[in-house]
Engineer: 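Below are the C-alpha cells for one structure; questions will follow.
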Amino acid sequence: MLKYLFPVALLLLGCNGTSQESGQAAVAAGQESTPSGVTAPGTSDGLLVMSTATAAEIGSDDLCKVSFPTSATLFPIADQPDKRYFSIEAGKTYAVVLTAGNSRTSFMVQQKSGKLHVLTSAQYPYCLSNAAHFQLQDGGNTFHYDGGKYTTFFFTAVPDGAGFRGELSWNPGMVLGIYVKSR
C-alpha cells in the first residue's frame, strides 16, 4: 500500500499550485489590479488569451482524462540554448508539461479565432497549474509563468503561416524537462 502512496503524493504536489479556491481568488484579484506592463487574465490585444471559459464550454471531454497520443517535436532555436519551440495547428489541443526537480507545471493551448487560448487551473484545477502563476506580457503575445524559485519560464505565441509557433524560454542555467503532446 505504501509503495503507491509516494507516486500519488508526488503527482498531487507536482501541480505546483494552491487550492482551487485560493487560485480563483488570486485570479479574480489579478483581474482587478495588475502590475504595469502585465495584462489581466482573460483579456488580450495580442495573440494569447488566458481562457476564462469553463471546462464544459471547452468541450464534452474532460481534457485531464483523455489520451494525448501524439508527441509534438520540440525544436531548438539557433544560438539560444535556453529556448525551444513547437508548431501549433488549428483544431488541436496541446498539453505542455515542464518539470524542474520534483515540481511540475502543466498547461494546455488551443488555437481558436486567430489566437491561442491558454488553459490552466481556471478550467481544470486538478491537473493544470495554478492560473495565478500565469501573467500576460508583451502586449498579450507572451506569458510569464512564475511558480517559484525552480519553475519560471516564458511562453510566446509567434504567427507561423496558418498556425502558430509556441516558443518556450527560460533563464540561463535552469534545467527544465519539457514535453508537449497533442490531441
Side-chain angles (χ1 to χ4, degrees), residues 14-18 20 23-31 34-35 37-59 61-66 68 70 72 74 83-100 103-148 151-160 162-170 176 178-183:
C15 286
N16 206 14
T18 57
Q20 177 180 0
Q24 289 173 340
V27 168
Q31 290 174 336
T34 58
V38 177
T39 308
T43 63
S44 175
D45 291 331
L47 300 172
L48 290 174
V49 174
M50 300 306 288
S51 181
T52 58
T54 65
E57 291 169 335
I58 292 168
D61 290 337
D62 183 338
L63 293 179
C64 291
K65 295 181 180 178
V66 298
F68 281 77
T70 307
L74 282 170
K83 202 168 193 178
R84 302 286 184 274
Y85 76 90
F86 62 98
S87 296
I88 301 171
E89 298 175 30
K92 289 190 175 185
T93 300
Y94 294 81
V96 182
V97 178
L98 292 93
T99 60
S103 67
R104 186 187 108 197
T105 301
S106 55
F107 64 95
M108 294 181 192
V109 292
Q110 298 176 323
Q111 180 181 336
K112 291 182 183 176
S113 304
K115 294 193 178 220
L116 284 183
H117 291 250
V118 181
L119 309 178
T120 64
S121 67
Q123 289 74 38
Y124 299 103
Y126 49 92
C127 74
L128 299 181
S129 294
N130 190 331
H133 296 288
F134 295 82
Q135 295 296 319
L136 287 175
Q137 298 181 332
D138 185 28
N141 294 326
T142 298
F143 74 71
H144 178 245
Y145 178 87
D146 188 351
T151 313
T152 60
F153 63 90
F154 293 89
F155 177 87
T156 303
V158 178
D160 188 15
F164 286 95
R165 191 165 98 167
E167 293 183 353
L168 293 160
S169 60
W170 55 93
L176 295 176
I178 304 170
Y179 65 90
V180 180
K181 292 193 163 210
S182 66
R183 170 185 198 316

Engineer: How close do Val97 and Ser106 get, counting heavy atoms only, and between which atoms?
Structural biologist: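 That would be CG2-CB, 4.0 Å.
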Engineer: Test side chain to side chain contact (heavy atoms under 4.5 Å, CB included) on Phe86 and Val96; report intermediate values, then the result.
Structural biologist: CA-CA 10 Å; Phe86 62 98; Val96 182; 3.8 Å; yes
Engineer: Walk me through whether Phe68 and Lys92 qualify under side chain to side chain contact (heavy atoms under 4.5 Å, CB included).
Structural biologist: CA-CA 10 Å; Phe68 281 77; Lys92 289 190 175 185; over 6 Å; no
Engineer: Measure from the ring center of Phe107 to the ring center of Phe143 and say whether it is less than 6.0 Å.
Structural biologist: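 They qualify: ring centres under 6.0 Å apart.
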Engineer: Using 0.5 Å steps for rounding, measure from the CD atom of Gln137 to the OG1 atom of Thr142.
Structural biologist: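 Reported value, rounded in 0.5 Å steps: 7.0 Å.
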Engineer: When Leu136 is tested against each of Leu48, Asp45, Val49, Val118 for side-chain contact (heavy atoms from CB on, under 4.5 Å), which residue passes?
Structural biologist: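 Single pass found, and it is Leu48.
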Engineer: Could you give the distance from OH (Tyr145) to OG1 (Thr152), rounded to the nearest 0.5 Å?
Structural biologist: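 That separation rounds to 10.0 Å.
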Engineer: List in chain and number order the residues that pass side-chain contact (heavy atoms from CB on, under 4.5 Å) with Ser113, two or more places apart in sequence or in another chain; answer none if no residue qualifies.
Structural biologist: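 Checked Ser113 against side-chain contact (heavy atoms from CB on, under 4.5 Å); zero matches.
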Engineer: Within a strict 4.5 Å, meaning less than it, do heavy atoms of the Phe153 and Ile178 side chains meet?
Structural biologist: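 Of all side-chain heavy-atom pairs linking Ile178 with Phe153, none is under 4.5 Å.
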Engineer: Can you tell me how far CG of Leu63 sits from CZ of Arg183, rounded to the nearest 0.5 angstrom?
Structural biologist: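 Arg183 atom CZ to Leu63 atom CG measures 6.5 Å (nearest 0.5 Å).
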Engineer: Of all residues at least two apart in sequence or in a different chain, which pass the salt bridge (charged side-chain N to carboxylate O under 4.0 Å, His left out) check with Lys112?
Structural biologist: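 Listed in chain order: nothing, the list is empty.
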Engineer: Considering all heavy atoms of both residues, which atom of Asp61 and which atom of Tyr124 are nearest to each other, and what is their separation?
Structural biologist: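 Closest approach of Asp61 to Tyr124: O-OH, 3.8 Å.
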Engineer: Just verifying a value: how many Å separate Leu176 CG and Thr151 OG1, rounded to the nearest 0.5 Å?
Structural biologist: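 Nearest 0.5 Å value for the CG-OG1 distance: 7.0 Å.
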Engineer: Could you give the distance from CE (Met108) to CG (Leu116), rounded to the nearest 0.5 Å?
Structural biologist: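 Separation between the atoms: 14.5 Å.
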Engineer: How many angstroms lie between CG in Asn141 and CZ in Phe164, if you round to the nearest 0.5 Å?
Structural biologist: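 Here the interatomic distance stands at 9.0 Å.
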Engineer: Evaluate the side chain to side chain contact (heavy atoms under 4.5 Å, CB included) criterion for residues Leu128 and Phe134: first the C-alpha distance (whole Å), next the side-chain angles of each, then the deciding distance (0.1 Å), finally the verdict.
Structural biologist: CA-CA 12 Å; Leu128 299 181; Phe134 295 82; over 6 Å; no
Engineer: So do Leu47 and Pro159 actually touch side chain to side chain, heavy atoms under 4.5 Å?
Structural biologist: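 They are in side-chain contact.
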Engineer: List the atom of Ala122, the atom of Ser51, and the distance in Å for their closest heavy-atom pair.
Structural biologist: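 Between these two residues, the closest heavy atoms are CB-O, 4.3 Å.
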Engineer: How far apart are the C-alpha atoms of Phe154 and Lys83, what are their side-chain angles, what is the distance that settles it, and do they pass the side chain to side chain contact (heavy atoms under 4.5 Å, CB included) test?
Structural biologist: CA-CA 9 Å; Phe154 293 89; Lys83 202 168 193 178; over 6 Å; no
Engineer: Give the minimum heavy-atom separation between Ala131 and Ser121, together with the two atoms involved.
Structural biologist: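 Looking at all heavy atoms of both residues, the shortest contact is N-OG, 2.8 Å.
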Engineer: Identify which one of Val180, Val109, Val158 satisfies the side-chain contact (heavy atoms from CB on, under 4.5 Å) criterion when paired with Ile88.
Structural biologist: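 It is Val109; the other options fail the test.
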Engineer: So do the side chains of Gln135 and Asp146 get within less than 4.5 Å of each other, counting heavy atoms only?
Structural biologist: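 Sidechains of Asp146 and Gln135: no contact.
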Engineer: Search all heavy atoms of Tyr94 against all heavy atoms of Glu89 and return the closest pair with its distance.
Structural biologist: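 Looks like OH-N, 2.9 Å.
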Engineer: Indicate the atoms forming the closest heavy-atom contact of Gln123 with Ala55, along with that distance.
Structural biologist: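 It is O-CB, 3.5 Å.
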